[in-house]
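The model shown is predicted, which means the values in this text are computed figures rather than measured ones.
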Amino acid sequence: MKPKRRYRKFDPQKAQIEALEQKSDRFRRIFSEYELISEELWHLQTCETTNVPDDFLDAVTVQTQYLEDEIGTWLIAPENTASASQTGPPAISS
């Protein structure tokens, strides 16, 4: 089994992610779920022996994108550049 490649999409923000994981249980859970789902999605899309319905792959892709967006919100929040909030990402105002 190959070792996981952490931070693939978020490699430039690796240090910020590590800080957020240490300071926020919620962020750590979200990022862990993202890693798990994205690894499984890659496996399902590249494995030749797996017969998975397109609807399922689409649903997993949507969930992965949602988690990416939430992680991105944490990373761009000004208050998260210095410290992580325990309650979650900041509210987006219009």
Side-chain angles (χ1 to χ4, degrees):
M1 183 173 169
K2 291 183 179 180
K4 286 178 149 181
R5 285 186 42 216
R6 294 197 79 205
Y7 316 113
R8 272 181 292 202
K9 181 168 184 156
F10 299 102
D11 195 46
Q13 296 93 0
K14 181 179 176 179
Q16 190 178 3
I17 288 170
E18 289 173 349
L20 284 167
E21 284 180 317
Q22 290 176 357
K23 295 177 183 177
S24 173
D25 291 336
R26 183 167 189 262
F27 181 83
R28 183 176 32 247
R29 182 182 54 79
I30 289 168
F31 195 78
S32 175
E33 183 179 348
Y34 165 74
E35 287 183 314
L36 179 70
I37 290 176
S38 64
E39 283 286 326
E40 190 61 29
L41 179 61
W42 180 85
H43 174 72
L44 291 172
Q45 290 174 331
T46 59
C47 183
E48 294 179 16
T49 60
T50 305
N51 187 12
V52 180
D54 287 341
D55 290 346
F56 180 77
L57 288 175
D58 291 343
V60 174
T61 300
V62 167
Q63 179 65 21
T64 303
Q65 290 171 344
Y66 173 80
L67 291 169
E68 285 176 2
D69 291 346
E70 188 162 352
I71 291 166
T73 300
W74 278 79
L75 294 174
I76 63 171
E79 60 270 14
N80 288 334
T81 57
S83 65
S85 167
Q86 289 292 333
T87 59
I92 299 174
S93 59
S94 7

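- In this structure, CG on Leu20 lies 7.5 Å from NZ on Lys23, to the nearest 0.5 angstrom.
- In this structure, CH2 in Trp74 is found 15.0 Å from CG in Asp69, a value given to the nearest 0.5 Å.
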For residues 57-64, which side-chain donor-acceptor pairs fall under 3.5 Å, sequence neighbours excluded?
from: Thr61; atom 1: OG1; to: Leu57; atom 2: O; distance (Å): 2.8
from: Gln63; atom 1: NE2; to: Glu33; atom 2: OE2; distance (Å): 3.4
from: Thr64; atom 1: OG1; to: Val60; atom 2: O; distance (Å): 2.8

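- For Glu68, the salt bridge (Lys or Arg N to Asp or Glu O under 4.0 Å) test picks out Lys9, with sequence neighbours left out.
- Looking at heavy atoms from C-beta onward, Glu39 lies out of side-chain contact with His43 at the 4.5 angstrom threshold.
- Taking CD of Glu40 as the reference point, atom CG of Leu36 lies at 7.0 Å (rounded to 0.5 Å).
- With rounding to the nearest 0.5 angstrom, the OH atom of Tyr66 is 11.5 Å from the CD1 atom of Ile37.
- The structure places CZ of Phe31 at 10.5 Å from CG of Leu67, a figure rounded to the nearest 0.5 Å.
- To the nearest 0.5 Å, the span separating OG on Ser24 from CD1 on Ile30 amounts to 7.5 Å.
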| said: Test salt bridge (charged side-chain N to carboxylate O under 4.0 Å, His left out) on Glu70 and Arg26; report intermediate values, then the result. | reply: CA-CA 11 Å; Glu70 188 162 352; Arg26 183 167 189 262; 3.1 Å; yes
